[in-house]
Number of protein chains: 2
Amino acid sequence: MTYSEENYLKAIYHLSLSQKQGVSTNAIAALVESKASSVTDMIKKLAEKELVIYQKYQGVGLTDKGLMAAKMIVRKHRLWEVFLVEKLDFAWDEVHDVAEELEHIKSEKLINKLDAFLGFPTEDPHGDPIPDKNGNIVKVEKQLLSEFEIGQTGICVGVKDSSSSFLQYLDKQQIALGSKIKIIAKESFDMSLTIEVEKKQIIISNKIASNLFAKIVL
Amino acid sequence: MTYSEENYLKAIYHLSLSQKQGVSTNAIAALVESKASSVTDMIKKLAEKELVIYQKYQGVGLTDKGLMAAKMIVRKHRLWEVFLVEKLDFAWDEVHDVAEELEHIKSEKLINKLDAFLGFPTEDPHGDPIPDKNGNIVKVEKQLLSEFEIGQTGICVGVKDSSSSFLQYLDKQQIALGSKIKIIAKESFDMSLTIEVEKKQIIISNKIASNLFAKIVL
DNA sequence: ATAATTTTTTAGCTTTGTCTAAATTTTTAT
DNA sequence: ATAAAAATTTAGACAAAGCTAAAAAATTAT
């Protein structure tokens, strides 16, 4: 599979997670930063290779083969991210672009040895699950912080947005994966939250709270 | 720089180490496994980018800029090889192809952090020198085992041929980097050597001895 | 020194992945 | 239900990197 085919497959995978229907041409084009016409061409090629099912004007979906291939790319991406953060001391907002390149290295042996070297992690530095060598994914029950009730406490387990600016904001507020967060108050006007983290109270906007995953604790 | 440009540059670098003159089109074609006509095309592109100096029919040489770029690719290749062997437990005959892919990952930060993680190694698993971030190379005085005199003892410090079959032969004979080798006898008919390694005496052909580098010890 | 051979370059074609512009289909809105 | 808008596909073109075959230059051998 080419570099480009892999990127399309990964894009279709990510899009199909949040949609039940076929994934649209335009949505793919936006993700891979190309044009709809280019997407149509590539989709046809992937369909010939039986990686996706495609019907003109109806969007695409992954076949079993395509799904597994996509998961393996995601697996590689996320394992490399763990490597960069845990072993090479990258910050969590610096790893994405490099992992984007590393995910295309073709060696099963490499990725399985890397997996072992890292201790078979199940999540990447942003809290996203890492498929194992068979494509199995451990699902963690988690919810957006914006959905928490006043008085509830959660442990931060992931971010929805992995942009540098968001991650750096979290660093500044000393919010990291594993941080304990208690909801103190919710402002009904703008849905901003007063939360307690690391013994300090801070106010975060609804936009922030809508991009932070946490799991409920007592 | 593209993947392909990097491969050509690396090939020219390797060839220019063993030749004083300009590197020939055919030699490059053999190394990058393409055709002479393709090489001519690529050379023109590299010349436009001022990475090589090219005169029709006269071969090519690297500019300072091209030399540094080539060294950085070699640096990446060899650091990744160290990583694969030291951290991921690859055998020394398994690393070349994977490193061939990894060397094209574009991130200075990555390679410098990897360098630090590995403890700033100066040699790869085959005994070849690793350029530092400024392109400096530590030269080790070494000579081919075939040039040793009877009675001399050497420490194995490198291989000239890194093919899997040669490296696996060495494994089988328990010859590794660091092995102490004493020349017991030399057969004048075929220049084969009787050597002592790990307290055992074995006979190696001239071809083997001509692909093993060692440095003299008392 | 010239002919034969080898090496290198040029010319023209192919494939991959992209694009723009035009045509077509689907969806949305009245 | 039909017109307008949006989404998608097709057609045709382009750049990168490769190839084959033919032409040109350099080397070698007589």
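Atom set for the values below is all heavy atoms of this structure, side chains included, hydrogens, waters and symmetry mates excluded. On a predicted model such as this, the values are computed, not experimentally measured, just so you know.
The side-chain tip of B/Lys113 points at the ring of A/Phe90 from less than 6.0 angstrom away and within 45° of straight on.
Rounded to whole Å, the distance from CD on B/Gln55 to C1' on C/dT7 is 17 Å. Between B/Asn7 atom CG and D/dG18 atom C1' the separation is 14 Å, expressed in whole Å. Spacing between atom CE of A/Met42 and atom C1' of C/dT18 amounts to 9 Å, rounded to whole angstrom units. The CG-P distance, from A/Asp41 to D/dC14, rounds to 16 Å in whole Å.
Taking side-chain N and O atoms only, B/Tyr8 has no distance below 4.0 Å to OP1 or OP2 of D/dA16. For the OP1/OP2 pair of C/dT9 and a distance below 4.0 Å, the side-chain nitrogens and oxygens of B/Thr40 include at least one atom meeting the criterion.
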With the criterion being N/O to N/O and under 3.5 Å, what pairs connect the protein with nucleotides 25-27 of chain C, and how long is each?
| from | atom 1 | to | atom 2 | distance (Å) |
| --- | --- | --- | --- | --- |
| C/dT25 | O4' | A/Tyr57 | OH | 3.4 |

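No side-chain heavy atom of B/Leu51 sits less than 4.5 Å from a side-chain heavy atom of B/Leu67. Put simply, the side chain of B/Asp190 does not reach to within 4.5 Å of the side chain of B/Asn206, judged on heavy atoms.
Classification of the B/Tyr169-B/Phe166 ring pair by plane angle, with boundaries at 30° and 60°, yields parallel. Relative ring orientation between B/Trp80 and A/Trp80 is described as perpendicular, the plane-to-plane angle rising above 60° on a 0-90° scale split at 30° and 60°.
Comparing A/Glu5 and B/Ile43 by the nucleotide of DNA chain C whose heavy atom lies nearest to each, the residue mapping closer to the 5' end is B/Ile43.
The stretch residues 19-37 of chain A touches DNA chain C through A/Ser34, A/Lys35, A/Ser37, each having a heavy atom under 4.0 angstrom from the strand.
Residue contacts for A/Ser4: at a heavy-atom cut-off of 4.0 Å it reaches the sugar-phosphate backbone alone, with no base atom in range. Looking at heavy-atom distances under 4.0 Å, B/Tyr3 makes no contact with the nucleic acid at all.
The main-chain N or O of B/Asn134 is found under 3.5 Å from a side-chain atom of B/Asp132 such that the two form a donor-acceptor pair. Checking side-chain atoms of B/Ser34 against main-chain N and O of B/Ala30 turns up no donor-acceptor pair under 3.5 Å.
Sorted by first and then second residue, the pairs that involve residues 95-132 of chain B and meet ring pair (Phe, Tyr, Trp, His ring centres under 6.0 Å), not counting sequence neighbours, are B/Tyr3-B/His104, B/His77-B/His96.
Aromatic rings of B/Tyr8 and B/Tyr13 (six-membered ring for Trp) have centroids beyond the 6.0 Å cut-off, not under it.
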